[in-house]
Amino acid sequence: DGLGDLDFRPERLQADPEHAVDAIVRIAGENPGLTLVTLGPLTNLALALERHPRLVHDVGRCVVMGGAACTVGNVTPAAEYNVWCDPEAARQVFRSGLSIEMVGWELCRKEANLLRREMDRLRAMDTPLARFTLDCNRTALEANFRQSGDPGLALPDAVAMAVALDPSICTRKSLHYVDVETDSELTRGMTVVDALGVAGDSRNRPHWEALTAEQPHVTVCWSIDVQRWKKMLFLLLAAGAADPESTP
């Protein structure tokens, strides 16, 4: 069920009748300069931009958990899941002019995984949030090791949220043209980063001219302060201990 088969269905949660696309447009218009964080496929955001092009100016920062910057994918050898699900929408968003900060899947890997000792520490906290975090990710933990060979639990959404809340957690970043492949059988859904600034030369210009007419607007996060992001996560999950009514 996407939550470790916990049958987690809080009765207090009801679907909002407002469509997500309408909500994005309305909330951004009411709060110009807001930070928008995307943790899934970009379909709704692409539709919102199509319906209301001014959204490009209403959004101050768009932190995208998606793609993989010059590295491997987690659905195909080249593509990360959120972009791969709807690469046409992702291409539209990346070409829109939004001020995007791309926090790729690779940033949650290897030492950024929650390691076994850290998961044991979380379990020992015995707070509702800590228990829920581990239990709802038990299937993801198995899948992470089986697919990627990584030593623990990968939390890409949590990494992106940490960067959104505290931009200094991203320790190396740079501005680039980034496009999304939509046609290739091998690389459909790949986020292609012009890391060396060659998109505008004579060989590449015909394929990149949709982007190079404007200045690059995608900031790629290349590395994070792993210990700081983990500290932020632990502080959040420990907070439940102070409030017995707190629920995930």
Side-chain angles (χ1 to χ4, degrees), residues 1-8 37-41 63-85 101-174 191 193 219-243 246-248:
D1 65 358
L3 289 170
D5 294 329
L6 294 179
D7 194 30
F8 181 69
V37 184
T38 69
L39 302 178
V63 180
V64 173
M65 190 285 108
C70 302
T71 185
V72 298
N74 63 352
V75 174
T76 75
E80 177 274 333
Y81 176 83
N82 287 343
V83 174
W84 173 84
C85 275
E101 296 174 32
M102 177 175 146
V103 183
W105 169 68
E106 71 277 11
L107 297 172
C108 73
R109 296 196 62 200
K110 302 188 184 302
E111 71 273 8
N113 275 208
L114 284 188
L115 305 177
R116 176 56 60 186
R117 65 180 181 274
E118 293 163 337
M119 289 186 280
D120 290 344
R121 178 182 161 200
L122 277 182
R123 185 68 69 183
M125 284 182 181
D126 200 31
T127 67
L129 287 174
R131 290 195 302 271
F132 180 75
T133 297
L134 294 173
D135 292 344
C136 78
N137 279 299
R138 56 193 179 190
T139 303
L141 175 63
E142 297 171 6
N144 189 46
F145 180 76
R146 187 169 59 248
Q147 175 189 271
S148 306
D150 275 355
L153 177 60
L155 295 172
D157 292 352
V159 170
M161 283 303 305
V163 171
L165 293 167
D166 182 357
S168 67
I169 284 178
C170 176
T171 55
R172 185 167 70 90
K173 57 187 176 182
S174 48
T191 43
V193 179
T219 298
V220 176
C221 180
W222 296 102
S223 61
I224 62 167
D225 186 326
V226 170
Q227 294 310 312
R228 284 187 62 200
W229 105 255
K230 288 184 178 181
K231 181 178 180 180
M232 178 184 287
L233 180 69
F234 272 76
L235 286 172
L236 172 67
L237 299 182
D243 181 7
S246 174
T247 54

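Note that the numbering runs from 1 along the sequence shown for the chain.
- Trp84 CH2: 12 or fewer foreign heavy atoms inside a 6.0 Å radius.
- Considering CE of Met161 and CH2 of Trp229, their distance stands at 12.0 Å, rounded to 0.5 Å.
- One finds the CG atom of Leu114 at 10.0 Å from the CG atom of Asn144 (value rounded to the nearest 0.5 Å).
- For the atom pair CZ of Arg123 and CG of Leu134, the computed distance is 4.5 Å after rounding to the nearest 0.5 Å.
- Checking side-chain atoms of Asn82 against main-chain N and O of Met65 turns up a donor-acceptor pair under 3.5 Å.
- Scanning both residues, Ala160 and Val103, for their nearest heavy atoms gives CA-CG1, 3.9 Å.
- Side-chain contact annotation: Thr171 with Arg228, donor-acceptor N/O pair under 3.5 Å absent.
- Here the closest non-hydrogen pair linking Ala69 and Val220 is CB-CG1, 3.6 Å.
- Summarising the geometry of Ser223 relative to Arg172, their closest heavy-atom pair is OG-CB, 3.2 Å, with the distance given to 0.1 Å.
- Across Val64 and Thr38, no two heavy atoms sit closer than the pair CA-OG1, 3.3 Å.
- One finds the SG atom of Cys85 at 8.5 Å from the CD atom of Glu80 (value rounded to the nearest 0.5 Å).
- Taking CG of Asp166 as the start and CE of Met232 as the end, the distance is 4.5 Å to the nearest 0.5 Å.
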### Message
What verdict does the side-chain contact (heavy atoms from CB on, under 4.5 Å) test give for Leu155 and Leu233, after you've listed the backbone C-alpha separation in whole Å, the side-chain angles of each residue and the deciding distance to 0.1 Å?
### Response
CA-CA 10 Å; Leu155 295 172; Leu233 180 69; 4.0 Å; yes
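- Scored by the side chain to side chain donor-acceptor pair (under 3.5 Å) test, Thr76 finds no partners at all (sequence neighbours excluded).
- Closest non-hydrogen pair, Thr139 versus Gly4, comes out as OG1-CA, 4.0 Å.
- Using a 4.5 Å heavy-atom cutoff, the side chains of Phe132 and Leu3 are in contact.
- In this structure, the side chains of Leu141 and Arg116 come closer than 4.5 Å at one or more pairs of heavy atoms.
- In this structure, CD in Glu111 is found 9.5 Å from CG in Asp150, a value given to the nearest 0.5 Å.
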### Task
I would like to know whether Val163 and Lys173 meet side-chain contact (heavy atoms from CB on, under 4.5 Å); could you show each step before the answer?
CA-CA 11 Å; Val163 171; Lys173 57 187 176 182; over 6 Å; no
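- Within a 6.0 Å sphere centred on CZ of Phe145, heavy atoms belonging to other residues, nucleotides or ligands number 12 at most.
- Of all heavy-atom pairs spanning Thr127 and Ala238, the tightest one is CG2-O, 4.0 Å.
- Partners of Arg121 under the side chain to side chain donor-acceptor pair (under 3.5 Å) rule, at least two apart in sequence or in another chain, do not exist in this structure.
- Counting only heavy atoms from C-beta outward, the side chains of Val226 and Lys110 never approach each other to under 4.5 Å.
- Considering only heavy atoms from C-beta on, Thr191 stays 4.5 Å or farther from Trp105 through its side chain.
- Checked against side chain to side chain donor-acceptor pair (under 3.5 Å), Glu118 has the following partners two or more places apart in sequence or in another chain: Lys230.
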